There are 2 protein chains.
Amino acid sequence: MQNKIPTIQEIARLLKLSKSTVSRALRNHPAIGLRTTQQVQKLAKELNYEPNQLAISFSKRKSMSIGVIVSSLDPYFHRAVFGIEDCAYANNYSVLISQTRDEYDIEVKVLETMRKQRVDGIVASISRNAPDIRHFEKCRQYNIPVVFFDRVPDVAGINSVWCRLDISTIELVSYLASKGHEHIALINGPVSLPIRNERLKGYYEGLEKNKLPVYEHFVKTADLSTVGTYEAMDALLSHRIKPTAIITFNDYMSLDAMHYLRKVKPGRYSDIDFVTYSSLPTTRYLDRPPLAYVDQFPYEQGKLATEVLFRQLNGLAKAEIMPPENLVIESRLVVY
Amino acid sequence: MQNKIPTIQEIARLLKLSKSTVSRALRNHPAIGLRTTQQVQKLAKELNYEPNQLAISFSKRKSMSIGVIVSSLDPYFHRAVFGIEDCAYANNYSVLISQTRDEYDIEVKVLETMRKQRVDGIVASISRNAPDIRHFEKCRQYNIPVVFFDRVPDVAGINSVWCRLDISTIELVSYLASKGHEHIALINGPVSLPIRNERLKGYYEGLEKNKLPVYEHFVKTADLSTVGTYEAMDALLSHRIKPTAIITFNDYMSLDAMHYLRKVKPGRYSDIDFVTYSSLPTTRYLDRPPLAYVDQFPYEQGKLATEVLFRQLNGLAKAEIMPPENLVIESRLVVY
DNA sequence: AACACAAGCGCAACCGGTTGCCTGAAATCA
DNA sequence: TGATTTCAGGCAACCGGTTGCGCTTGTGTT
C-alpha cells in the first residue's frame with residue numbers, strides 16, 4: 001500500500017555502500033571511482049530517486065529559492081515576474097511569489113513567512129501604504145539580501161532597480177505638443193508612490209521645453225480607484241480652460257477617465273487625447289486607445305533586479321563586502 | 001559582523017534547559033510548567049527567535065506548502081490563485097506558484113521541482129498540450145494528492161473541480177435569440193481543451209431550444225492566437241449567410257475578433273454582436289463590449305479545489321481511504 | 001624490500017527542529 | 001511511613017542529506 005520514497009540511505013543499503021559515498025557519487029564527486037559512480041547512478045534512476053530538496057536546503061542552509069513580493073500579480077507585475085523567473089530558473093533557483101494586495105500588514109506577514117522558509121534572497125516592490133521599510137531590517141540579520149524594484153523606497157544603502165520616467169515624460173509632452181496640443185493635463189498617482197514625482201518633474205520640464213503655458217489646475221492627484229479618477233476628471237473639466245490632452249498615471253486610470261467621458265459627459269470632450277504609462281496588453285483593442293504610452297519595461301526590471309540579487313548572493317557566498325547596487329533604466333516613449 | 005540567527009539550542013543554552021523542553025515550551029506543550037514556558041517564550045521574543053521552517057518541514061516530513069500549477073497568471077487564473085491563497089492561508093499553508101506557459105515540458109519540470117520541494121499537495125490546471133497526465137503519477141508514490149481544476153483531464157480516479165458551461169451556453173443562445181439574432185456563430189477553442197465540448201453541446205442545444213437553424217459553417221475552431229482568430233473570422237464571413245452574433249471562446253478571442261472587423265473589414269459588419277466566456281476586467285471599457293459573458297467563477301474554483309485538497313490531506317493524515325472528489329459548479333450568464 | 005603517495009571509500013558529526021520514552025522529585029494515597 | 005501517581009523536564013534518536021577527516025588499499029619509486 002504505502003509506496004516507499006527512495007533515499008540515499010536506501011541506495012547505500014542496496015549497494016552495500018555508505019551514504020556519504022552515494023551522496024558524492026550522485027554528484028559525480030571526483031573522489032568516487034567511476035564504477036561505483038555509475039552503479040549508484042544506475043540504481044538511482046531505476047528507483048526513480050529524487051533528492052529531497054528539503055533535506056538538502058536544511059543541510060546546506062541554503063534553500064535555493066528566492067522570494068518575490070509584489071502588490072498584485074496584475075499584468076504589469078506579471079511581466080516583471082517573468083523576468084524574475086527567467087533569471088532565477090537560469091540559476092537553478094525556485095521562486096516563491098507573494099502578493100501583498102498593497103497592504104502593509106500582509107507585506108509584513110509574507111516577509112516573515114519568507115524568512116522562516118529561509119529564502120536566500122528577496123526581490124520586492126513595496127506596497128503602496130508601507131510607511132517605512134523597517135520590516136525589511138530583519139533580513140539583514142538573516143543575511144537575506146533584498147533588491148527593491150519598480151516601487152523603490154527612498155532610503156540609502158539598499159539595492160534597487162527602477163525605471164526613470166522624467167525624460168520620457170518630457171518626450172511625451174513634446175509628442176503631444178507636436179500634435180498641436182497646448183492644454184495638457186496630468187492626473188498623477190497618490191503621493192505615497194515616489195515614482196509619481198518623476199512624472200511631475202518631466203511634465204513641467206516638458207511644458208517648459210515646448211514653451212507651453214503652465215496651469216496649476218491641470219495637475220490632479222488621484223488614488224488609483226475608479227471613483228478617484230472620476231473626481232479628478234470632474235475637477236479638471238470644471239475650469240474655464242479645458243485640457244485637450246490628458247496624461248494619466250497608468251492604463252487603468254486612462255480607461256476610467258475615458259469611461260468617465262463617455263458615460264458621464266457623453267458627446268462632449270470626445271476629442272480629448274490620452275497618453276499613459278505602462279500598458280495593459282488589451283488597451284490597444286480600444287476603438288480610440290491612448291495615442292502613446294511610456295514603457296517601463298517591467299520584464300527587464302524584474303530580470304535586472306534578480307541579477308543584482310544573484311550578484312549579492314555570490315558575494316555573500318565568498319564573504320565579500322558587497323556595496324549596494326542601484327540600477328536605473330530608461331523608460332521609452334511608444335507611439336501607437 | 002555576522003549576526004547570529006537564534007535557534008532553539010541557543011535558547012536552551014541560555015536558560016540551561018534541554019532543547020526538547022524549549023521546543024515544547026514554545027508550543028505550549030502541557031508537559032512543560034508554566035514558569036518555564038513563560039521564561040522560554042519571553043527569551044524567544046527578546047532574541048527575535050523565528051523557527052526555521054525548513055527544519056520543521058524536514059523533521060515533520062510536511063512542508064506546510066501546496067503547489068499551484070497554471071498555464072499562466074493571466075487575469076483569469078490570477079483570480080483563481082486568490083481563491084487558492086485564501087484557502088491555503090486560512091490553513092496556515094504557504095503557496096508555491098508555477099506557470100507552465102502552456103508547455104508540457106515545463107509542466108513536467110515544475111512538477112518535479114514541487115515533488116523535490118516536498119509540497120504536501122498540488123492544485124493544477126493542466127497545460128493545453130499535455131498529451132496525458134502520466135507525469136502526475138509519481139505524485140501518488142510520494143503521497144502528494146493532486147486536485148485538478150478548470151482544465152480537468154478526462155480520466156477517472158482523480159480529484160477535480162470544474163465549471164460546467166453547457167447550461168449557461170444554452171442561456172447564452174437564448175439570450176441572443178431574444179435579441180432577435182437568428183444567425184449565431186461559435187468560434188471554439190482548440191480540441192485539446194476538453195472544456196470546449198461543453199460549449200459546443202450547449203450551442204447546439206441552445207439553437208434547438210430556440211428553433212434556430214443549424215449551419216455547420218457557423219462553428220469554427222481556433223487556436224488561441226490572434227492569427228487563428230482572424231482566420232476563423234475570415235472563414236466565418238466567407239459564406240453567403242453571415243452571422244449576426246458570434247460566441248467566442250474567451251475575452252481575448254472576442255477582442256481579436258472585434259479588432260479584425262474594425263481593421264480588416266472596416267465599416268462592414270459593425271452590427272455584429274459578441275458574447276463570450278470569462279471576462280477580463282478591462283473588457284467593459286470597450287465602446288461596444290460583448291453583450292454578455294459566461295462567468296466561470298475562477299475564484300470559487302480555486303477555492304473549492306483547495307478545499308478538496310485539504311480534505312484529502314486530512315484524510316491522508318488519518319490514514320483514511322479517501323475516495324476522489326469531483327466537484328462541478330454551475331457557470332452563470334451575465335448580461336452587461 | 002621499505003616507503004611515499006594517491007585513489008577510493010567509510011565514519012561520524014552536523015544542520016534545527018520533533019517526539020517517544022525515561023527519570024527524578026514532589027505530591028498524593030493507603 | 002512506604003508505595004504510587006503525577007508533574008516537569010532531559011536523553012537520544014530521527015528526518016535525509018552534506019562534509020571534514022581518517023583509514024585502507026594498491027601502485028610506483030628508490
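Chain letters run A, B, ... following the sequence lines, proteins first and then strands; every chain starts at 1. Since the model is a prediction, treat every value here as computed from it, not as a measurement.
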K.L.:
I would like to know whether A:F58 and B:F58 meet ring pair (Phe, Tyr, Trp, His ring centres under 6.0 Å); could you show each step before the answer?
P.N.:
CA-CA 7 Å; A:F58 175 55; B:F58 174 56; 5.2 Å; yes

K.L.:
Between A:S65 and A:Q117, do the side chains contain an N or O donor and an N or O acceptor separated by less than 3.5 Å?
P.N.:
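A:S65 vs A:Q117: no donor-acceptor pair found between side chains.
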
K.L.:
Nearest whole Å is fine: how far is D:dG17 P from A:E50 CD?
P.N.:
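Distance check: A:E50 CD to D:dG17 P gives 11 Å.
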
K.L.:
If only atom types and distance count, is the side chain of A:Q99 paired as donor or acceptor with the main-chain N or O of A:L73 below 3.5 Å?
P.N.:
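Yes: the side chain of A:Q99 pairs with the backbone of A:L73.
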
K.L.:
Quiz question: by atom type and distance under 3.5 Å, do the side chains of A:T21 and A:S18 form a donor-acceptor pair?
P.N.:
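The answer is yes; a qualifying pair exists.
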
K.L.:
What contact category does A:T36 fall into here, base, sugar-phosphate, or nothing, at under 4.0 angstrom with non-hydrogen atoms?
P.N.:
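Contact class for A:T36: sugar-phosphate only.
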
K.L.:
Between B:Q141 and A:N48, is any side-chain donor less than 3.5 angstrom from a side-chain acceptor?
P.N.:
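The answer is no; no qualifying pair exists.
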
K.L.:
Under a 3.5 Å threshold, yes or no: a donor from one side chain and an acceptor from the other, between A:Q41 and A:N28?
P.N.:
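Yes - a donor-acceptor pair under 3.5 Å links their side chains.
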
K.L.:
Given atom CG of A:N52 and atom P of C:dG17, what is their separation to the nearest angstrom?
P.N.:
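So the two atoms are 18 Å apart, to the nearest Å.
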
K.L.:
Classify the side-chain pair B:N326/B:S160 by whether it contains a donor and acceptor separated by less than 3.5 Å.
P.N.:
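Side chains of B:N326 and B:S160: pair found under 3.5 Å.
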
K.L.:
Looking across every strand, which nucleic acid part, if any, lies under 4.0 Å from B:K16 by heavy atom: base, sugar-phosphate, or nothing?
P.N.:
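B:K16: backbone/sugar contact only, no base atoms under 4.0 Å.
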
K.L.:
Write down the distance between CD (B:Q117) and P (D:dG16), rounded to a whole number of angstrom.
P.N.:
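Atom CD in B:Q117 sits about 16 Å away from atom P in D:dG16.
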
K.L.:
Give the nucleotide from the list D:dC15, C:dG17, D:dG9 with an atom nearest to the side chain of B:Y49.
P.N.:
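The nucleotide sitting nearest to the side chain is C:dG17.
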
K.L.:
Between atom NE2 in B:H29 and atom P in C:dT19, what is the gap in whole Å?
P.N.:
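The distance from NE2 of B:H29 to P of C:dT19 comes to 8 Å, rounded to the nearest Å.
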
K.L.:
Over all strands shown, is A:L17 touching base, sugar-phosphate only, or nothing at heavy-atom distances under 4.0 angstrom?
P.N.:
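Sugar-phosphate, no base atom in range.
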
K.L.:
Rounded to whole Å, how long is the line connecting atom CZ of A:R61 with atom P of D:dG17?
P.N.:
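In whole Å, D:dG17 P lies 17 Å from A:R61 CZ.
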
K.L.:
What's the CZ-C1' distance between B:F58 and D:dA13, to the nearest Å?
P.N.:
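Nearest whole value for this atom pair: 13 Å.
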
K.L.:
Among the candidates C:dG17, C:dC9, D:dG10, find the nucleotide nearest to the side-chain atoms of B:S18.
P.N.:
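Shortest atom-to-atom distance from the side chain points to D:dG10.
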
K.L.:
Heavy atoms under 4.0 Å is the rule here; annotate nucleotides 18-23 of chain D 5' to 3' with B where the base is hit, S where only the sugar-phosphate is, and - elsewhere.
P.N.:
BBBB--

K.L.:
Could you tell me the separation between the CD atom of B:Q9 and the C1' atom of D:dG10, rounded to a whole number of Å?
P.N.:
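Nearest whole value for this atom pair: 14 Å.
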
K.L.:
In whole Å, what is the span from the CD1 atom of B:I11 to the P atom of D:dG9?
P.N.:
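One finds 15 Å between P of D:dG9 and CD1 of B:I11, rounded.
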
